[in-house]
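Read the structure below first, then the notes.
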Amino acid sequence: MKQLSHAATAVACANIAFIKYWGQRDAHLTLPTNGSISMNLDGCLTETTVQCLPEAVEDSVWLALSGGEEVQAKGRQFERVIQQIERLRQLAGVSERVEVRSRNNFPSDAGIASSAAAFAALTRAAAAAFRLELDEAELSRLTRLSGSGSACRSIPAGFVEWFDDGTHAGSYAAQIAPPEHWNLVDIVAVISTEAKHVASTSGHSVATTSPYFPVRLEGIEQRLADVRQGILERDIQRLGQASEADAMSMHVIAMTAHPATMYWLPGTLAVMQAVQRWRVQDNLQSYWTIDAGPNVHVICEAKDAPEVEARLCELDAVQWTIVNGAGPEARLVG
C-alpha cells in the first residue's frame, strides 16, 4: 500500500430533519426504512482535521470539550471513528495511521445531530487526506456507512433529501434547494445539554417493535411530498404542519417500542405547547420539531425569527437558543 504525509480539515453542519429517519432495514449498510428530508444548520458546526502519520504505529482521536480542553477518545467513541477511517483507508489503498482532532460549537449527543455533523466532517476530511476523488453522491453513501445515517444529509448544501430504495447505490442524499432559496430559520431551544440516555442507534434497532410503526410508514410518502413542496414553494404552513406530524409520529414510535424511550423532558413539552399557542392566539407562524433528544427546534421564516426567539428566551425551560439559517455543504477549509 502507498503511504502519504498529508492533512485535511473539513467543516460540516448539523442538520434538522423535517421528515425523520427512524428505523433501519439493514443495520450493516445503515439503510433506512424510509426517506427523509432535512435542512443544514449554519450555526451548528463540527470542524475535523485528519492528519496522516506515516511513522505512527496506531491511530488516535482527540475531541475538544466545551471549555476548549481536548480529551482522547476511547471505547466505542474511538471505534466508530476508526471504523470509518479504515473504510476510507481501504478504498484509497493507503496504510498509514492517522490523528483525528474534532470540535463542535454546540452541545453533543443532545438531539442536535452532533454525530451527523461529526461524521460528515470526518468523511470529507479523511477523503481529502487520503486523496480520494469522490463525487457528492459517493461521498454521501460513504458517510451513511459510518453508522450515523443522518450524516449523509450533511454532505450536500441547503435543503436535502435522503433517498431510500433499499440498496446501497440508491441510498444517498441530494439537494432539493440551495441555502439561498428560502430564508428559513431554525431556532434551537436548548432545554438540556446532557447527553441523551438512549442513543439514536438503540432507538433505530427497536423501532419496528412498536405496534404503530406500520402506521408511521403508511403516512411517510405524503409527508415527504408535503415537505418537498413546502420547501420548493416556500410555504411555511405546509412544511410546518407536515414536520410537526412527522416528529410526533417518530416519538410515538420511540415511546411505544420495546424497550420504550421517552426523550422529552417537561421543558420539551412546555416549548411545544407555547409554539402551538402562539400560532393559534397570535398567528405567529412557527412550528416545532424534535430529534432524538429533549431539545426543540422551532422553524419559522426570517421575518418572524426575532419575535420567536424573544418569546422562547422568556420561557423558564429554555436555557438559551441557537439561531440557524440554511447551511452550506460539508467543505474543506484552511
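- Here Glu161 contributes atom CD and Asp164 contributes atom CG; the two are 10.0 Å apart, rounded to the nearest 0.5 Å.
- Using a distance-only test at 3.5 Å, with no hydrogens or angles considered, no donor-acceptor pair links the side chain of Asp42 to the main chain of Pro328.
- To the nearest 0.5 Å, atom CG of residue Leu63 and atom CD of residue Gln72 are 9.5 Å apart.
- The nearest pair of heavy atoms linking Ala129 to Ala8 is N-CB, 3.7 Å.
- Note: Ser115 OG to Leu122 CG = 12.0 Å, rounded to the nearest 0.5 Å.
- In this structure, Arg141 contributes its side chain and Ala169 its backbone to a donor-acceptor pair below 3.5 Å.
- Between the side chain of Ser210 and the main chain of Ala207, no donor-acceptor pair closer than 3.5 Å is present.
- At least one donor-acceptor pair closer than 3.5 Å links the side chain of Thr209 to the backbone N or O of His258.
- A 4.5 Å side-chain heavy-atom check between Val160 and Asn15 finds every atom pair outside the cut-off.
- Side-chain contact check for Glu309 versus Val323: some heavy-atom pair is nearer than 4.5 Å.
- Applying the 4.5 Å side-chain rule to ILVMFWY residues, one finds Tyr172 in the same cluster as Phe163.
- Results of the side chain to side chain contact (heavy atoms under 4.5 Å, CB included) test with Cys13 over Leu45, Asn324, Thr46 single out Leu45 as the only residue that passes.
- Checking Gln285 against Asn283 by side-chain atom types alone, a donor-acceptor pair falls below 3.5 Å.
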Test side chain to side chain contact (heavy atoms under 4.5 Å, CB included) applied to Leu217 and Thr33, step by step: CA-CA 8 Å; Leu217 294 184; Thr33 52; 4.2 Å; yes

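- When only modelled atom types and interatomic distance are considered, Thr30 and Arg144 share no side-chain donor-acceptor pair under 3.5 Å.
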Audit row: Thr49, Arg101, side-chain hydrogen bond (donor to acceptor under 3.5 Å, both in side chains) steps and yes/no: CA-CA 5 Å; Thr49 298; Arg101 292 184 180 271; over 6 Å; no

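- Side chain of Asp59 to backbone of Ile82: no donor-acceptor contact under 3.5 angstrom is found.
- Listed by first and then second residue, the ring-ring contact (aromatic ring centres under 6.0 Å, His included) pairs involving residues 234-255 are His251-Trp264 (not counting sequence neighbours).
- Hydrophobic clustering (ILVMFWY, side-chain heavy atoms < 4.5 Å, transitive): Leu239 and Leu232 are in one cluster.
- For the residue pair Ala189 and Val318, the shortest heavy atom distance occurs at CB-CG2, 4.0 Å.
- Here the options are Gln84, Gln83, Arg89, the test is side-chain hydrogen bond (donor to acceptor under 3.5 Å, both in side chains), and the partner is Glu86; only Arg89 passes.
- Around atom CG of Asp316, no more than 12 heavy atoms belonging to other residues, nucleotides or ligands sit under 6.0 Å away.
- Centroid-to-centroid, the aromatic rings of His6 and Phe130 stay 6.0 Å apart or farther.
- The backbone N or O of Phe159 lies less than 3.5 Å from no partner atom in the side chain of His181, so there is not a single donor-acceptor pair.
- Between Ala121 and Ala10, the shortest heavy-atom contact is O-CB, 3.5 Å.
- The shortest distance between side-chain heavy atoms of Thr321 and Cys313 falls below 4.5 Å.
- Side-chain atoms of Gln175 come within 3.5 Å of backbone atoms of Ala157 as a donor-acceptor pair (strictly under, hydrogens ignored).
- Among residues at least two apart or in separate chains, there is no ring-ring contact (aromatic ring centres under 6.0 Å, His included) pair with a member in residues 78-103.
- Leu31 and Tyr21 are not part of a single hydrophobic cluster, where members link through side-chain heavy atoms under 4.5 Å apart.
- The CE atom of Met250 sits 12.5 Å away from atom CD1 of Ile19, with the distance rounded to the nearest 0.5 Å.
- From Ile299, atom CD1 reaches atom CE of Met39 across 5.5 Å, with rounding to the nearest 0.5 Å.
- Under 3.5 Å, the side chains of Arg153 and Ser36 contain a donor-acceptor pair of N or O atoms.
- Under a hydrophobic-cluster definition in which Ile, Leu, Val, Met, Phe, Trp and Tyr are linked whenever side-chain heavy atoms come within less than 4.5 Å, directly or via other members, Val275 and Ile191 are assigned to the same cluster.
- Between Pro156 and Ala173, the closest heavy-atom pair is CG-O, 3.6 Å.
- For the 3.5 Å distance criterion, the side chains of Ser150 and Lys20 fail to qualify, holding no donor opposite an acceptor.
- Not one N or O on the side chain of Asp26 forms a donor-acceptor pair closer than 3.5 Å with the backbone of Gly166.
- Looking only at side-chain heavy atoms (C-beta outward), Gln276 and Val280 stay at 4.5 Å or farther from each other.
- For Glu307 and Trp278, the side-chain atoms include no donor-acceptor pair closer than 3.5 Å.
- Within the 3.5 Å criterion, the main-chain N or O of Tyr287 finds no donor-acceptor partner in the side chain of Glu244.
- The side chain to side chain contact (heavy atoms under 4.5 Å, CB included) test with Leu284 is passed by exactly one of Arg279, Arg311, Arg277: Arg311.
- Taken together through direct or relayed side-chain contacts under 4.5 Å among Ile, Leu, Val, Met, Phe, Trp and Tyr, Trp162 and Ile176 form parts of separate hydrophobic clusters.
- The hydrophobic cluster containing Met255 also contains Ile290, counting ILVMFWY residues as joined when their side-chain heavy atoms lie under 4.5 angstrom apart, directly or transitively.
- Under the 4.0 Å criterion applied to side-chain N and carboxylate O atoms, Glu58 and Arg97 are not assigned as salt-bridge partners.
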Verdict with reasoning, Leu184 to Asp186, per side chain to side chain contact (heavy atoms under 4.5 Å, CB included): CA-CA 7 Å; Leu184 196 68; Asp186 170 286; over 6 Å; no

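- Residues Ile187 and Ile322 have side chains not in contact (no heavy-atom distance under 4.5 Å, counting atoms from C-beta outward).
- Using a 4.5 Å heavy-atom threshold, the side chains of Val198 and Tyr263 count as touching.
- With a 4.5 Å cut-off on side-chain heavy atoms, Val185 and Glu301 do not count as touching.
- A 4.5 Å side-chain heavy-atom check between Leu53 and Val98 finds every atom pair outside the cut-off.
- Here the side chain of Thr123 pairs no donor or acceptor atom with the backbone of Ala120 at under 3.5 angstrom.
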Worked verdict on Asn34 versus Arg216 for side chain to side chain contact (heavy atoms under 4.5 Å, CB included): CA-CA 10 Å; Asn34 60 269; Arg216 168 170 166 75; 4.3 Å; yes

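- Note that OG of Ser140 is 12.5 Å distant from CZ of Arg124, once rounded to the nearest 0.5 Å.
- Minimum interatomic distance between Ala126 and Leu88 (heavy atoms only, all atoms of both residues): CB-CD1, 3.5 Å.
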Side chain to side chain contact (heavy atoms under 4.5 Å, CB included) between Arg223 and Val227, intermediate numbers included: CA-CA 6 Å; Arg223 291 196 295 274; Val227 166; 5.5 Å; no

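- For Glu180, the CD atom counts as densely surrounded, since its 6.0 Å shell holds more than 12 non-hydrogen atoms of other residues, nucleotides or ligands.
- In this structure, the ring of Trp22 has its center less than 6.0 angstrom from the ring center of His204.
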